[in-house]
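Just so you know, these numbers come straight off a predicted model, no measurement behind them.
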Amino acid sequence: MTYDRLVCANCAAPVSEGRCRVCRANRERLQQENNFFAGLNPITLIALLAVLIAAVALLAQQTA
């Protein structure tokens with residue numbers, strides 16, 4: 001999940017806005033993570049998954 005969809009339990013505002021110190025701290029922590037998939041939106045992840053499934057299906061068809 002990306003931090004722009006998270007809601008802060010401290011101030012009830014989106015974490016991406018950074019209204020309170022808790023929001024700002026969590027926003028910084030999430031931005032510093034080096035996870036490739038953390039920055040992708042869900043539609044992109046679904047598209048990557050569909051491409052992967054299609055590639056596996058093509059490989060399975062060629063070997064059969």
Side-chain angles (χ1 to χ4, degrees):
M1 176 177 282
T2 56
Y3 73 93
D4 59 331
R5 296 183 184 264
L6 295 176
V7 176
C8 179
N10 192 40
C11 68
V15 171
S16 60
E17 292 179 7
R19 291 186 185 177
C20 70
R21 62 180 176 84
V22 176
C23 292
R24 289 188 292 274
N26 283 323
R27 183 176 62 184
E28 285 296 318
R29 182 183 56 86
L30 289 169
Q31 285 177 344
Q32 290 177 359
E33 287 181 359
N34 290 329
N35 188 354
F36 173 73
F37 296 108
L40 298 177
N41 64 16
I43 300 298
T44 306
L45 290 175
I46 291 170
L48 287 173
L49 182 61
V51 168
L52 179 64
I53 290 171
V56 169
L58 284 173
L59 286 174
Q61 186 180 21
Q62 285 182 347
T63 59

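One distance of note links CG of Asn26 with CG of Asn10; it measures 10.0 Å at 0.5 Å rounding. Considering CD1 of Ile46 and CG of Leu49, their distance stands at 8.0 Å, rounded to 0.5 Å. The distance from atom CZ of Arg27 to atom SG of Cys8, rounded to the nearest 0.5 Å, is 11.5 Å. To the nearest 0.5 angstrom, Leu58 atom CG is 11.0 Å from Thr63 atom OG1.
Listed here is the closest heavy atom pair of Arg24 and Arg19: NH1-O, 3.2 Å. A pairwise comparison of heavy atoms in Cys23 and Cys11 identifies SG-SG, 3.5 Å as the closest pair.
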